[in-house]
Amino acid sequence: MHHIDPAAHLARVRETRPLVHNITNHVAMNSMANVLLAIGASPAMVHAREEAAEFTALAGALTINIGTLSPHWVDAMEAAALAAGETGRPWVLDPVAVGATRYRRETGARLLALAPTVIRGNASEIIALAGGAGGGRGVDSTDPAEAALEAARRLAEHTGGVVAVTGEVDLVTDGRRLAQVRGGHPLMPRVTTLGCALTGVVAAFLAGADDSFEATTAALASYAVAGELAGEVARGPGSFAVAFLDALYHLDHEALAERARLEMADAP
């Protein structure tokens, strides 16, 4: 099984400073932009349906997050995802609480039909998106990540892309390969939008990458190491948020080589 080197992927992000176009939720915009800047990418938050598609063609990658949906935003999301497909830009779908309401389920299905390069969600979201009966309550996951592996594999086969199920242990699959990523810190879920921001980091790693599965796994591993480092100095959620940005900014080859915990396998 081929070895994935997160540091090499991070170095590429810092050298190329990819422009990441994020159609994300109201809550996430500021922290997502700060996380992308800290890791070395260039964030943009362009939501108007009048310009979303045009802007996607200028960016290195796109993210779409359905956390705070409204009709104009959904129009912009679809237009941007179509533009990404037409121009060969990678894009990441973050199906926040996709099983919670009919509007979210319908929007999730419409975006899924546009073949995201990567889908990143918690176990409940991945199961709901795959049409399973996830026990999701709002945006918190109530399913163990392993329960979502089958749904993830189905989604990966359906889209031809990569699916990342994030939780205590992250699972990444493209239907053929499977990676498990350990690390992070228990304070991470206590800081709002760190998951949303991770979707942006995945997109930054996808920009210019040859292999979406490897790039996604490298992004998750880098994020987990930064979380671990931040957790060593944080005293609570507030100081963790600050320490996490600093940890992303200072993340280096040495820390990743020492701390990244990746396991590779062929998908069962």
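- From Leu198, atom CG reaches atom CE of Met32 across 9.0 Å, with rounding to the nearest 0.5 Å.
- Grouped with Val46 in one hydrophobic cluster are Leu19, Phe55, Leu58, the linkage being side-chain heavy-atom contacts under 4.5 Å among Ile, Leu, Val, Met, Phe, Trp and Tyr residues.
- Checking Thr199 against Thr63 by side-chain atom types alone, no donor-acceptor pair falls below 3.5 Å.
- Closest approach of Ala224 to Val181, counting heavy atoms only: CB-CG1, 4.4 Å.
- Donor-acceptor pairing under 3.5 Å is lacking for the side chains of Thr173 and Arg153.
- Arg89 contributes no side-chain N or O that, together with a main-chain N or O of Gly60, makes up a donor-acceptor pair within less than 3.5 Å.
- No more than 12 heavy atoms of other residues, nucleotides or ligands sit less than 6.0 Å from atom CD of Glu54.
- Without hydrogens or angle criteria, Arg120 side chain to Gly200 main chain gives no donor-acceptor distance under 3.5 Å.
- Asn25 pairs with exactly one of Thr68, Asn65, Asp94 by the side chain to side chain donor-acceptor pair (under 3.5 Å) rule, that one being Asn65.
- Residues meeting the side-chain contact (heavy atoms from CB on, under 4.5 Å) test with His47, sequence neighbours left out: Ile23, Met29, Met45, Trp73.
- Within the structure, the salt bridge (charged side-chain N to carboxylate O under 4.0 Å, His left out) test picks out the following pairs touching residues 62-84 (sequence neighbours left out): Arg49-Asp75, Glu78-Arg110.
- In terms of the side-chain contact (heavy atoms from CB on, under 4.5 Å) criterion, residue partners of Arg235 (sequence neighbours excluded) are, by chain and number, Ser239.
- A heavy-atom distance below 4.5 Å is found between the side chains of Leu149 and Leu178.
- Counting heavy-atom neighbours within 6.0 Å of Tyr103 OH, excluding the residue itself, gives a total above 12.
- Of the possible donor and acceptor atoms, one in the side chain of Glu125 sits under 3.5 Å from a partner among the backbone N and O of Asn122.
- Contacts of Leu256 classified as side-chain contact (heavy atoms from CB on, under 4.5 Å), with partners at least two apart in sequence or in another chain: Pro6, Ala7, Leu10, Ser222, Val225, Leu251.
- Rounded to the nearest 0.5 angstrom, Leu129 CG and Ile127 CD1 are separated by 11.0 Å.
- Tyr223 places no side-chain N or O within donor-acceptor distance of the main-chain N or O of Val202, the cut-off being under 3.5 Å.
- Taking both residues in full, the closest heavy atoms of Ala243 and Ala230 are given as C-CB, 3.7 Å, listed atom of the first, atom of the second, then distance.
- At least one donor-acceptor pair closer than 3.5 Å links the side chain of Arg104 to the backbone N or O of Gly67.
- Annotation for Ile126 and Ala164: closest pair CD1-O, 4.2 Å, computed over non-hydrogen atoms.
- Taking OG1 from Thr87 and CG from Leu62, the interatomic distance works out to 9.0 Å, rounded to the nearest 0.5 Å.
- A donor-acceptor contact shorter than 3.5 Å is absent between the side chain of Thr117 and the backbone of Val92.
- Scored by the side-chain contact (heavy atoms from CB on, under 4.5 Å) test, Ala48 finds Glu50, Glu51 as partners (sequence neighbours excluded).
- The environment of Arg190 atom CZ is sparse: at most 12 non-hydrogen atoms of other residues, nucleotides or ligands sit within 6.0 angstrom.
- A pairwise comparison of heavy atoms in Tyr249 and Arg14 identifies O-NH2, 3.4 Å as the closest pair.
- For the pair Val13 and Pro18, the tightest heavy-atom approach, listed with the atom from each and the gap, is O-CD, 3.4 Å.
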Leu206/Thr216 under side chain to side chain contact (heavy atoms under 4.5 Å, CB included): CA gap, chis, key distance, verdict: CA-CA 7 Å; Leu206 286 175; Thr216 301; 3.9 Å; yes

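- When hydrophobic clusters are built by joining Ile, Leu, Val, Met, Phe, Trp and Tyr residues whose side-chain heavy atoms come closer than 4.5 Å, directly or via intermediates, Val98 is grouped together with Leu69.
- Salt-bridge annotation for Arg259 and Glu232: present, with a side-chain N of the basic residue lying under 4.0 Å from a carboxylate O of the acidic one.
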